[in-house]
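So you know, we letter chains A, B, ... as the sequences are listed, proteins then strands, and number each from 1.
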Amino acid sequence: MKYDHKTVEPKWQKKWEEKGVFYAENGSRKPKYYALIEFPYPSGQGLHVGHPRPYTALDIVARKRRLQGYNVLYPIGWDAFGLPAENYAIKNHAHPREFTEKNIAHFKQQIQSLGISFDWSREISTIDPDYYKWTQWIFLQLYKKGLAYKKEMNVNWCTSCKCVLANEEVVNGVCERCGSEVVHKVKSQWMLKITEYAQRLIDDLDLVDYPERVKAQQKNWIGRSTGAEVDFDTTAGDKLTVYTTRPDTLYGATYMVISPEHPFVEKWADKLTNLAAVREYQDQAAKKSDFERTEMAKEKTGVRLEGVSAINPLTKKEIPIFVSDYVLVSYGTGAIMAVPAHDTRDWEFARKFHLPIIEVVKGGNVQEEAFTDCETGVMVNSGILDGLTVEEAKKRITEHLEETGIGHAKVNFKLRDWVFSRQRYWGEPIPMVYCEKCGWVPLPESELPLTLPEVESYEPTDNGESPLAHMTDWVNTTCPHCGGPAKRETDTMPQWAGSSWYFLRYMDPHNDKAFASKEALDYWAPVDWYNGGMEHTTLHLLYSRFWYKFLYDLGAVPTPEPYAKRTSHGMILGEDGQKMSKSRGNVINPDDVVDEYGADTMRLYEMFIGDFEKTAPWSSAGIKGCRRFVERFWNLQSLLCGEKGIRPDVESAFHKAIKKVSEDTETLKFNTAIAALMTLMNVVTEKGSITKEELAVFTLLLNPFAPHITEEMWEICSLGDGMAAEQSWPAYDEAKCKEDTVEIVVQVCGKVRARLNVPAGISKEDALRLAKEEEKIRGEIAGKSVVKEIYVPGKLVNLVVK
RNA sequence: GCCGCUAUGGCGGAACUGGCAGACGCAAGGGACUUAAAAUCCCUCGGUGGAAACACUGUACCGGUUCGAUUCCGGUUAGCGGCACCA
């Protein structure tokens, strides 16, 4: 009796859809459960075998929750704006929308063939004007609260995409997407003040259940540090303010450095006797790309500002000021006090420029290398601080700075504001208008959505303007404020905009009065379980937490954090252990797998492949093993016998399996859950028969993993009323998970010497007595004295002899 | 350099809270069925010695704690991910 997945799988997919079994209900009185996967970007390549891994994992959770009586929301949509569609459009003179919609249709058909229990009635797409109306609406709220602003700034510019990038999108000095060189350009950009939320984005990680590595990465990225700002007097008269995390080393500051972009260079121009050399250095620094700047990091460079010097506020000594690109304009005050004895970079610089190195923390040899240890040292050469530990000195000096007005304690973050404009067509238009008289004016909310106009050319311009800039009819408008002539913003939003709030739209996707109703938000928020890739930790995950917190402050959402629990899946590699790619020729197409083995086998295999959180190589032999399991399950119907109920000799096997599967599906251990089902299969086939009740339990346990074959089994064996998907999750009895007799191990001095079969509840005394009576053990302990007896209930006896 | 993580058979991987290392699956070898093959079923399967019972040994490496360590502690090595001149 061969199992034919090609007729069974489409049959059930159709039935589920017709009956709407997976539709979530708003306003239900049942407890809710919201499971979420990252909505895909519908690329031209179609579905990858990596996609079904997280989809199946949360599908198992969602299906199990439904069987447990929850009203489950498990939605999907499309993150459909994005560069590939625009590039395709440029190349083929087609509209990016057509291309994207074709891809969506393809993705949808592929995903539906996997039997994932998504609620398709809530499908959304970020390119839908009814959707991006609310993306624009949120932007307007940010603007109204002063969290969106336009600023001339030095931005990352991808030379190939001809577009600015957020800091998060620059990886090793090149464009994250295309790998091309990234250079600096001064441009006027819309910015979002994510820095305003830096502290809360760290603090509220305590409220959520995320993997430690995700929390650590976000904290790292936000980069909080504590220290002090200190004012140094200069011979030019101006105070030069620096930020330092080591105010304790202030007595050791022997020179200062400002970044090449620091405004004081301009301010002091007429006082500098070597202005030409300084200008030359600034020009060189400006020309360097991020990549070059990182490469050059090995060798320190710089120029002294001749004609101006600073005064160390504690030692009152005059110290030189340098300009060097090892100081970044964007962090702290763009200027530092250099303490070569206790900072590696300052030490290198001091060595190169023959500057004095003064030890202020004892413990190392500062002529050999910088001593940066904060734990062991004691302060020296430091006036009021002498004899204190570093920690004490930090506290003492900060008090002193505040008393004398020289400085104050200060917290700094590495996190930068979010560059929000893109010089591209295929994104949400930014709903802002520029009026000569009124400046930037937001579009009235009643005019949303501001839709994308049809253009003829999608080619971005070399001067850095969006293709929309050519659309004079669209660009020229009237000022909503004064009614005079005005121009629209022609930059669009980044792809991260639509994905920063999509999970809220699923709660109430057809609402035209609000992004979601209060009732829907109160019922569904927060997301109970959100699974997604590690690569989004400092991008999407951080951005969406920021937007959600902003909405929380507006009173628009009910909880401080959007996602109660976050997990991450590992990638699926090619059979050769390499990342799948066309050029390596190791790509597995999910359509082929579904066609040959069926969706159930594919799902089981992707869950059985290994630790869910780790990468795992595809194995075509491995998937055959899962197909074998599916067929063995199918053949259980031939073992059906006339007996009733769950029979005593297999009862504990069933209860153990229910327990194991129930628990493991909650902790991402899908591989061992399936192993438990395989073990149960071995027990049943060994026994050679199965009752209807036993088969019903088996079928329900397997249902979340392999939904199609289990529905078919449920139906043809008449295992109960309705569909398998409409039943209740099997319950186990802890007492019945235990066997009547257990095998305990008898060790002598920690080495296994015998095994005993004893009744499960045996007492310590009986176990020890039986162990000592055992033939083998008697021999081992004869003539020796037992100095210690250890008994671990139901597991082992250990006799320590001398 | 900093932060986080990992290391177990031929392979993917199990092992609760310190208690039988290698569950489950794959591959391999042997056998049954078959004219043959596929499929299916049965047996073996970390290493060394042994016909076998069994013994010794074994979870990257060195050391420690413990009756007992894959698990805890200290150190080393290798690999993965993130950040990186952030003062």
Side-chain angles (χ1 to χ4, degrees), chain A residues 2 171-172 211-221 223-225 227 242-246 249 253 256-257 259 293-294 296-300 324-328 330-339 342-346 348-349 372 412-416 534-535 537-538 568 570 577 604-605 608-611 613-626 628-629 631-632 635 660 663 669 671-682 685 743-752 754-755 776 786-801:
Chain A
K2 191 110 171 126
V171 175
N172 293 328
E212 263 324 300
R213 56 188 173 140
V214 171
K215 291 189 182 184
Q217 243 180 73
Q218 287 208 343
K219 283 183 193 166
N220 229 313
W221 184 260
R224 183 182 196 271
S225 72
V242 300
Y243 172 71
T244 177
T245 55
R246 294 293 304 275
T249 62
M256 301 186 80
V257 186
S259 74
R293 214 162 148 154
T294 337
M296 298 301 165
K298 284 155 200 149
E299 185 74 8
K300 294 280 179 290
S324 170
D325 65 0
Y326 87 89
V327 172
L328 309 173
S330 55
Y331 185 76
T333 61
I336 62 157
M337 64 174 207
V339 184
H342 305 290
D343 181 281
T344 315
R345 297 148 303 180
D346 298 345
E348 287 168 10
F349 191 88
T372 56
N412 251 325
F413 297 94
K414 288 193 218 171
L415 187 68
R416 302 269 72 90
M534 278 306 288
E535 70 276 17
T537 301
T538 55
S568 267
L604 278 165
Y605 178 60
F608 189 62
I609 193 167
D611 185 335
E613 297 184 271
K614 288 196 197 141
T615 56
W618 186 266
S619 156
S620 35
I623 194 164
K624 286 200 180 99
C626 288
R628 232 171 265 161
F629 174 69
E631 273 166 22
R632 288 180 73 195
N635 290 333
K660 185 81 178 144
E663 288 175 356
K669 298 181 144 197
N671 52 340
T672 50
I674 293 169
L677 289 169
M678 288 173 167
T679 306
L680 184 62
M681 173 73 71
N682 293 341
T685 45
E743 188 185 71
I744 62 170
V745 170
V746 184
Q747 299 182 333
V748 177
C749 292
K751 293 210 168 181
V752 182
R755 291 157 201 280
K776 183 89 196 300
V786 178
V787 295
K788 197 163 184 180
E789 295 169 340
I790 291 130
Y791 175 63
V792 181
K795 287 201 173 132
L796 106 172
V797 166
N798 188 10
L799 302 172
V800 184
V801 297

I'd like the [atom1] distance from [M] over to [N], given in whole Å.
N	M	atom1	result
B:C62	B:C67	C1'	24 Å
B:G79	B:C26	C1'	25 Å
B:G13	B:G81	P	16 Å
B:U66	B:A51	P	42 Å
B:U71	B:G22	C1'	15 Å
B:G49	B:G58	C1'	15 Å
B:C20	B:G10	C1'	25 Å
B:C24	B:C5	C1'	26 Å

Of the nucleotides [options], which has the atom closest to the [X] side chain?
X	options	result
A:Tyr331	B:C85, B:C24, B:A87	B:A87
A:Val800	B:A87, B:C67, B:C26	B:C67
A:Phe608	B:A87, B:G12, B:C16	B:G12
A:Ser225	B:A27, B:A23, B:A87	B:A87
A:Ala216	B:A87, B:C26, B:C3	B:C3
A:Trp221	B:A84, B:G19, B:G13	B:A84
A:Asp343	B:A87, B:U6, B:C20	B:A87
A:Val752	B:G19, B:C85, B:C20	B:C20
A:Thr672	B:G25, B:A14, B:A21	B:A14
A:Glu743	B:G25, B:C20, B:C85	B:C20

Could you tell me whether the side chains of A:Tyr326 and A:Ser259 share a donor-acceptor contact shorter than 3.5 Å?
no
Classify the side-chain pair A:Tyr605/A:Ser620 by whether it contains a donor and acceptor separated by less than 3.5 Å.
no
Looking at [X], does any N or O in its side chain come under 4.0 Å of the phosphate oxygens OP1/OP2 on [N]?
X	N	value
A:Lys751	B:U57	yes
A:Asn798	B:U66	no
A:Lys788	B:C67	yes

Nearest-Å distance for atom pair [atom1]/[atom2], residues [X] and [N]:
X	N	atom1	atom2	answer
A:Arg224	B:C3	CZ	C1'	17 Å
A:Asn635	B:A39	CG	P	15 Å
A:Ile744	B:C20	CD1	P	13 Å
A:Asn220	B:G1	CG	P	17 Å
A:Glu348	B:A87	CD	P	16 Å
A:Leu328	B:C83	CG	C1'	14 Å
A:Tyr326	B:C85	OH	C1'	8 Å
A:Arg628	B:C24	CZ	P	15 Å

Would you write the dot-bracket representation of RNA chain B, where each base gets (, ), [, ], | or . depending on whether it forms a Watson-Crick or G-U pair under 3.5 Å and with which partner?
(((((((..(((......[....))).(((((.......))))).((((....))))..(((((..]....))))))))))))....
Map A:Asn671 and A:Tyr243 onto RNA chain B by nearest heavy atom, then report which one ends up closer to the 5' terminus.
A:Asn671
Does A:Ala675 or A:Gly622 map to a spot on RNA chain B nearer the 5' end, using the closest nucleotide for each?
A:Ala675
Check: B:C26 base within 3.5 Å donor-acceptor of A:Lys624 side chain:
no
Between the base of B:C3 and the side chain of A:Lys215, is there a donor-acceptor distance below 3.5 Å?
no
Between A:Lys624 and A:Glu631, is there a salt bridge with N-O shorter than 4.0 Å?
no
Interatomic distance, A:Cys749 atom SG to A:Lys788 atom NZ [nearest 0.5 angstrom]:
12.0 Å
What's the separation between atom CE in A:Met256 and atom OG in A:Ser324, rounded to the nearest 0.5 Å?
14.0 Å
Salt bridge (charged side-chain N to carboxylate O under 4.0 Å, His left out) evaluation trace for A:Lys669 with A:Glu613:
CA-CA 9 Å; A:Lys669 298 181 144 197; A:Glu613 297 184 271; over 6 Å; no
Remember a base hit wins even if backbone is also touched, and classify A:Ser619 as base, sugar-phosphate or nothing at under 4.0 Å, heavy atoms.
nothing
